[in-house]
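Input: a single structure, listed below in structure tokens.
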Amino acid sequence: METPVDFLNCLDNDLSVKILMCLEDPSDLARFSCVSRSWRRFAVANGLFKQLCLKMFPCLQRVMRVTEPSCSFNSSLEVGCRKFTELENLEMEHRVYSFLARGCLSFPIRECVSDAISASSTDNYPLESVRNTLEPGDIVARRASYWSSKGQSNPAVPDTLIYKLVADICVINEIRIQPFQAYFQPGRPIYSAKAVRFRMGHAKVPLPDTIDEPLHCCPDDKFLWTYTSPEFPMAQENCLQKFELPEPVLCVGGILEVELLGRVQRQYVDDLFYICVCHIQAVGRPLWPAFGAEIVEPSGKFVLKAHSYTQPSSTEEYPFARPRSFVPEQVPNLEQILNMLRGQGVLVEEYGWNEENVESDEDVEYEFVE
């Protein structure tokens, strides 16, 4: 203590960096940077926060550059200013990545699904649209609310659901899925999948305001997936099942795909296998409005934009968010009625009505379900 020694002066640069990279908490690295001017210069010059973020989220290797509100990127700088510009860029990266590292661990956790884009198949559109899975319950406006795949004789046929997240850059921790229980069918069967898998990424081209459902092409033609999870077994239970990802995932581009792998339940009417889902959630930390990402095609690289250095509140409104309580038109059409008459579907009375409260046949609502 009488003769303090700066360990950075006693070790070579690479060894010092290796030691400091053992600090996995951004707060510890921030404290190191605040000890002295020389230690801060060391942190800035060696991009310690950038290395920490790359360690947390390897997908950040695709960052072309970072920007912040007070700077504009200029590629035509004078040679004499190059050293100063490099220092300024290092300082900017230090600010951006230090706030990013903190934000990925401290921004409010919330439900991150904003809208449903499409499904690989839909049995009865729009009655059984994938947008029904945005609703938290299986009953909306006194009607069953769920998505249903088309029936398959082969139980191994998968289905996929694609969603837009509330921001174009989010940290996702877990996905939650509730299979649908057909309370209107004998035995109240649950149409779960055998397993699920998740992919995240971004659209290859700007998405139109309205996308056909089902998606009449391979999802890989429209989306670039930068993360694929392991498979998770799904229970045949009517509850919101949680699937925690092995590590938090930084989704850049705001697109989530849910792969439903395998079928377990036949429908008694046609003896085909179906998958039905009534609700899906993605839980994590949206990084907007502090951060945004601009995808650069066709490389898949992106510009990381720091819009502000203010931590968002838990009640923040998000640019992609849409109002809930989406209730599609659920009036049976002529084709559905003909299918009913051919025995390809059943007409069921509205769930939850009380016979004692019904004064006439006109007061009873019906719903056609295949």
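With rounding to the nearest 0.5 Å, the separation of CH2 in W147 from SG in C276 is 7.0 Å. Atoms CZ and CE, on R197 and M234 in that order, are 13.5 Å from each other to the nearest 0.5 Å. The distance from the NE2 atom of H202 to the CD atom of E294 is 12.0 Å, given to the nearest 0.5 Å. With rounding to the nearest 0.5 Å, the separation of CG in L100 from CG in L304 is 6.0 Å. A distance of 7.0 Å separates NZ of K164 from OG of S114, quoted to the nearest 0.5 Å. Rounding to the nearest 0.5 Å gives a distance of 14.5 Å between OH of Y163 and SG of C112.
The minimum heavy-atom distance linking D138 with N238 is given by the pair OD2-ND2, 4.5 Å. In plain terms, the two heavy atoms of V130 and A119 that are nearest each other are CB-CB, 4.1 Å. The shortest heavy-atom contact between L287 and C104 is CD1-SG, 4.0 Å. Scanning both residues, S33 and R40, for their nearest heavy atoms gives O-CB, 3.2 Å. Residues P248 and F57 share a closest heavy-atom pair of O-CE2, 3.4 Å. A pairwise comparison of heavy atoms in A30 and F49 identifies N-CZ, 3.6 Å as the closest pair.
Proximity of V264 to P155: side-chain heavy atoms (C-beta onward) are nowhere separated by under 4.5 Å. At a threshold of 4.5 Å between non-hydrogen side-chain atoms, the residues V66 and V303 do not count as touching. By the 4.5 Å heavy-atom criterion applied to side chains, V258 and T160 are not counted as neighbours. Between L52 and M56, the closest side-chain pair of non-hydrogen atoms falls below 4.5 Å. Contact of the Q236 side chain with the S192 side chain is registered, since non-hydrogen atoms from C-beta on lie closer than 4.5 Å. Taking 4.5 Å as the limit, some side-chain heavy atom of I117 sits within range of a side-chain heavy atom of I255. Between F42 and S16, the closest side-chain pair of non-hydrogen atoms falls below 4.5 Å. Contact annotation: the side chain of F107 never approaches that of V171 to less than 4.5 Å [non-hydrogen atoms, C-beta and beyond].
With S106 contributing its side chain and R102 its backbone, the two residues share a donor-acceptor pair below 3.5 Å. Side chain of R285 to main chain of P108: no donor-acceptor pair is present (N/O by atom type, distance under 3.5 Å, no hydrogens or angles). Side chain of Q311 to backbone of G103: no donor-acceptor contact under 3.5 angstrom is found. Between the side chain of S36 and the main chain of W39, a donor-acceptor pair closer than 3.5 Å is present. A donor-acceptor pair under 3.5 Å is formed between the side chain of D12 and the backbone N or O of L15. At least one donor-acceptor pair closer than 3.5 Å links the side chain of K55 to the backbone N or O of M21. Using modelled atom types, no side-chain atom of E259 and backbone atom of F198 make a donor-acceptor pair closer than 3.5 Å.
There is a path of hydrophobic side-chain contacts, each under 4.5 Å, that joins V96 to L54. When the side chains of ILVMFWY residues are joined at heavy-atom separations under 4.5 Å, either directly or via intervening members, L60 and I169 end up in a single hydrophobic cluster. Linking Ile, Leu, Val, Met, Phe, Trp and Tyr whenever their side-chain heavy atoms come within less than 4.5 Å leaves I190 and Y268 in two separate clusters. Linking ILVMFWY residues whenever their side-chain heavy atoms come closer than 4.5 Å, directly or via other members, leaves L161 and V283 in distinct clusters. M92 and M64 fall into different hydrophobic clusters, where Ile, Leu, Val, Met, Phe, Trp and Tyr side chains are chained together by heavy-atom contacts under 4.5 Å.
When each of H279, R131, E135 is checked for a side-chain contact (heavy atoms from CB on, under 4.5 Å) with S145, only E135 meets the rule. N46 pairs in a side-chain contact (heavy atoms from CB on, under 4.5 Å) with only one of the listed residues (V17, L90, D14, L20), which is V17. Checked options Y274, Y183, Y191, F180; the residue passing with Y146 is F180 (criterion: ring-ring contact (aromatic ring centres under 6.0 Å, His included)).
Inspection of the N173 and E244 side chains reveals no N or O donor paired with an N or O acceptor under 3.5 Å. Side-chain contact check for T310 and S308: no donor-acceptor pair (N or O, by modelled atom type) lies under 3.5 Å. Looking only at atom types and distance, the side chain of Q241 has no donor-acceptor partner in the side chain of Q178 under 3.5 Å away.
Annotation: F291 is in aromatic contact with F99 [ring centroid separation under 6.0 Å]. For W225 and F223, the ring centers are positioned less than 6.0 Å apart.
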Show the numbers, then the answer: is there a salt bridge (Lys or Arg N to Asp or Glu O under 4.0 Å) between K150 and E128? CA-CA 10 Å; K150 286 191 174 296; E128 297 170 333; over 6 Å; no
- Task: Assess whether side-chain contact (heavy atoms from CB on, under 4.5 Å) is satisfied between K50 and V63, documenting all intermediate values.
- Result: CA-CA 11 Å; K50 180 178 181 179; V63 173; over 6 Å; no
Between M200 and V252, is a side-chain contact (heavy atoms from CB on, under 4.5 Å) present by the stated rule, with each step listed? CA-CA 8 Å; M200 300 183 208; V252 178; over 6 Å; no
>> side-chain contact (heavy atoms from CB on, under 4.5 Å) for L272 and Q152? Distances and angles first, verdict last.
In response: CA-CA 5 Å; L272 297 178; Q152 298 287 344; 6.0 Å; no
*asked:* I'd like to know whether L261 forms a side-chain contact (heavy atoms from CB on, under 4.5 Å) with E231, so could you lay out the CA-CA distance, the side-chain angles of the two residues, the decisive distance to 0.1 Å, and finally the verdict.
replied: CA-CA 9 Å; L261 308 173; E231 292 186 18; 3.6 Å; yes
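The pair D221-K204 does not count as a salt bridge, with every side-chain nitrogen at least 4.0 angstrom from each carboxylate oxygen. Under the 4.0 Å criterion applied to side-chain N and carboxylate O atoms, D271 and R266 are assigned as salt-bridge partners. Ion pairing between E174 and R176 holds under the 4.0 Å rule for side-chain N and carboxylate O. With respect to R263 and D159, a salt bridge is recorded, a charged nitrogen being found less than 4.0 Å from a carboxylate O.
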